[in-house]
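Beneath this line is the structure, given in structure tokens, with notes to follow.
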Amino acid sequence: MKIDVLLGLQWGDEGKGKIVDVLTPDYDVVARFQGGPNAGHTIEFDGKKFVLHTIPSGVFNPGCINLIGNGVIIDPLILRSEINKLNQSGIDVTKKLFISRKAHLILPTHRLMDAAQEASKGASKIGSTLKGIGPTYTDKAARNGIRVGDSCLEDFSVRYKTQRDRHLKLVSDLGFDFSEYKIDGRDFAAYETEWFEALEFIRNLQLVDSEYFINELLSSGKRILAEGAQGTLLDLDFGSYPFVTSSNTTSAGVCSGLGIAPNKIGGVLGIFKAYCTRVGSGPFSTELFDEDGALMRKQGNEFGSTTGRPRRCGWLDLPALKYAVMLNGVTALYMMKADVLDSFDQLKVAVAYRYKNEIITHLPFDACTQELEPVYEELPGWKTSLDKLYQADEMPDALQNFIRFIEDYVKVPVKLVSTGPDRSQLIRL
Ligand code: GDP
Ligand code: IMO
Ligand code: MG
């Protein structure tokens, strides 16, 4: 058996939650391998809508085991609140949720550091979700981090205090007055008290040595899907650095974030929107500032699932998509939100960039500081509603043409087209 991977090929929010939920009947286990509550994965069915931040999107399938891997970072308060919300909807996740002892904890002071660092950057801020992601992964790499399993050790409170005091000094060195700052609506002391209560709750969930756990499941023939968070263009190494997140969002992250050997990776399912969105700062060469961009935002309801911020919108960027396909070894493409383009007469797709008086089809190292002007190809729009369209042979010609154009460019087949937020709204090709 091999483990399949589903991940985003753009700047996140491609619709990973929806597709993981759609695919879970084919899997016994869904595992998150990186990121933390910066993620917001939306799942809609039977008129209900759920947004998951830390919990894998397999939880709506009663038979599915859900694993939060060692590469994920956990804020106990956010995780507890997710579990409680699901409980209120009649979904008890505690029996089917397993958490790696090696997953690092986002401490309350990591949240303060994220805010302090962003404030100190001024106009060049990353546009972080302010969930403490950067500071927590920094501490992990600097060997200062505290893991979920460490919270069960005797010296935990000493370790916590050491890090807390060090963080508070760093925050104050940045000139950040946290007495005025609210973390999710609470002042620091109140947040910290609740954080400890939530940690007590999390400690009593099913903690596992997840690398053994997942490899044993794999050896026993269980079908496993790894669920990516963020997107390839936000990858720490390959994204538009420094406007990236702090983890490896690519398929390589599955190996380090779950303890899965590279030769155990099977299908890599890459998902992308039929256009592009980005939330936060950083280069976005096909970004639209006109009524087309506004229409995409309106039709696609492009507002962040985690922060509510409006998402920047623009045309599909094929050189960037091809780059993502290369980095991840994508074996099948899933195209999301095709319905958002229903009313456009003409559709544009970037096929190259103009860069320093040259036409190029790769993403240059200095894409953050140099202008990349897109070279577009225009394709006719389908000008019809894709709502209630479920069969591939009923797809309008212009949509088929659009898909073929993408496949020809990136050399990977599109296997699914999503036509709305609900679980049922899709066309399998
Ligand atoms: P994720 O982070 O990749 O899981 O994506 P998000 O949940 O942050 O954002 C995707 C948004 O698009 C959510 O609001 C989904 O409900 C919605 N969505 C997913 N697929 C489709 C689709 O095919 N069409 C439309 N209109 N909305 C979709
Ligand atoms: P999902 O899993 C979209 C963006 C932030 C910011 C940058 C760094 O829902 O697709 P961070 O908080 O990680 O330090 O922020 O990354 N970002 C996302 N954008 N979807 C996400 O997750 C994101 N997670 C982080 O907006 O630009
Ligand atoms: Mg999201």
Side-chain angles (χ1 to χ4, degrees), residues 6-22 32 34-45 48-54 56-57 72-73 75 106 110-111 113-115 117-118 125-138 227-236 239-247 249 271-284 296-312 334-342 385-387 389 416-427:
L6 180 136
L7 41 72
L9 301 179
Q10 296 163 323
W11 286 288
D13 302 330
E14 297 89 349
K16 297 175 290 293
K18 166 175 169 166
I19 296 301
V20 171
D21 172 63
V22 163
R32 279 274 307 268
Q34 47 68 235
N38 47 350
H41 294 181
T42 314
I43 292 119
E44 290 192 37
F45 56 91
K48 287 176 288 191
K49 176 172 167 172
F50 299 91
V51 182
L52 301 175
H53 302 288
T54 324
S57 303
V72 177
I73 55 177
D75 184 325
I106 302 175
H110 284 134
R111 301 284 304 265
M113 284 172 75
D114 210 356
Q117 286 169 2
E118 281 286 74
K125 70 174 185 183
I126 308 294
S128 140
T129 59
L130 301 178
K131 300 294 176 195
I133 305 299
T136 306
Y137 277 120
T138 301
E227 173 181 0
Q230 291 77 56
T232 300
L233 304 177
L234 289 171
D235 181 271
L236 178 60
S240 43
Y241 192 89
F243 300 102
V244 293
T245 191
S246 300
S247 64
T249 58
I271 99 166
F272 69 102
K273 286 179 191 173
Y275 50 99
C276 284
T277 65
R278 178 166 201 168
V279 60
S281 327
F284 179 179
M296 286 173 188
R297 186 170 309 110
K298 180 163 174 285
Q299 295 300 113
N301 190 24
E302 294 296 359
F303 296 89
S305 315
T306 297
T307 58
R309 290 178 291 177
R311 296 177 183 143
R312 301 155 65 193
Y334 291 3
M335 185 170 88
M336 307 301 290
K337 302 189 93 159
D339 56 298
V340 172
L341 302 182
D342 280 357
S385 169
L386 299 181
D387 192 30
L389 205 149
L416 184 146
V417 176
S418 176
T419 57
D422 191 85
R423 189 191 255 181
S424 63
Q425 293 175 295
L426 48 88
I427 307 167

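The model shown is predicted, which means the values in this text are computed figures rather than measured ones. Note that ligands are numbered from 1 as they come in the structure, with each ligand's atoms numbered from 1 the same way. For the numbers below, each heavy atom of this structure counts, side chains included, while hydrogens, waters and symmetry mates do not.
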Hey, is [X] one of the residues with a heavy atom under 4.0 angstrom from ligand 1?
X     : value
Gly8  : no
Gln10 : no
Gly12 : no

Atoms in ligand 1 flagged as close to [X], the criterion being non-hydrogen separation under 4.0 Å:
X      : answer
His41  : 1 (P), 2 (O), 4 (O), 7 (O)
Lys18  : 20 (N)
Gly17  : 4 (O)
Met336 : 20 (N)
Glu44  : 16 (O)

Which protein residues have a heavy atom under 4.0 Å from ligand 2?
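Answer by chain and number: Trp11, Gly12, Asp13, Lys16, Asn38, Ala39, Gly40, His41, Ile126, Gly127, Ser128, Thr129, Ile133, Ala229, Gln230, Leu234, Val244, Thr245, Val279, Gly280, Arg309.
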Any non-hydrogen side-chain atom of [X] less than 4.5 Å from a side-chain atom of [Y]?
X      : Y      : answer
His41  : Glu227 : yes
Lys273 : Glu302 : yes
Asp75  : Thr54  : no

Please list the nearest protein heavy atom to [atom] with its residue and the distance rounded to 0.1 Å.
atom                    : answer
atom 2 (O) of ligand 1  : Gly40 O, 2.8 Å
atom 11 (C) of ligand 1 : Lys337 NZ, 3.5 Å
atom 18 (N) of ligand 1 : Pro421 CA, 3.8 Å
atom 15 (C) of ligand 1 : Thr42 CB, 3.9 Å
atom 23 (O) of ligand 1 : Ser418 OG, 2.5 Å

Thr419 and ligand 1 - part of the residue with a heavy-atom distance under 4.0 Å
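Thr419 to ligand 1: backbone contact only, side chain stays beyond 4.0 Å.
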Where's the contact between His53 and ligand 1, heavy-atom distance under 4.0 Å: side chain, backbone, both or neither?
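For His53, no heavy atom sits under 4.0 Å from ligand 1.
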Audit row: Lys18, Gln425, side-chain contact (heavy atoms from CB on, under 4.5 Å) steps and yes/no
CA-CA 10 Å; Lys18 166 175 169 166; Gln425 293 175 295; 4.0 Å; yes
Please indicate whether any nitrogen or oxygen in Gly15 is less than 3.5 Å from any nitrogen or oxygen in ligand 1.
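Yes.
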Are the charged groups of Asp13 and Arg311 less than 4.0 angstrom apart, N to O?
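Between Arg311 and Asp13 there is a salt bridge, with a charged N closer than 4.0 Å to a carboxylate O.
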Just by distance, do the side chain of Arg278 and the backbone of Ser281 share a donor-acceptor pair under 3.5 Å?
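A pair under 3.5 Å: yes.
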Among the protein atoms near the Mg ion (ligand 3), how many are N, O or S and lie under 2.8 Å away?
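Counting protein N, O and S atoms closer than 2.8 Å to the Mg ion (ligand 3) gives 2.
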Measure from atom 26 (N) of ligand 1 to every heavy atom in Val417, Asn301, Asp339 and give the option owning the shortest one.
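The residue whose heavy atom sits nearest atom 26 (N) of ligand 1 is Asp339.
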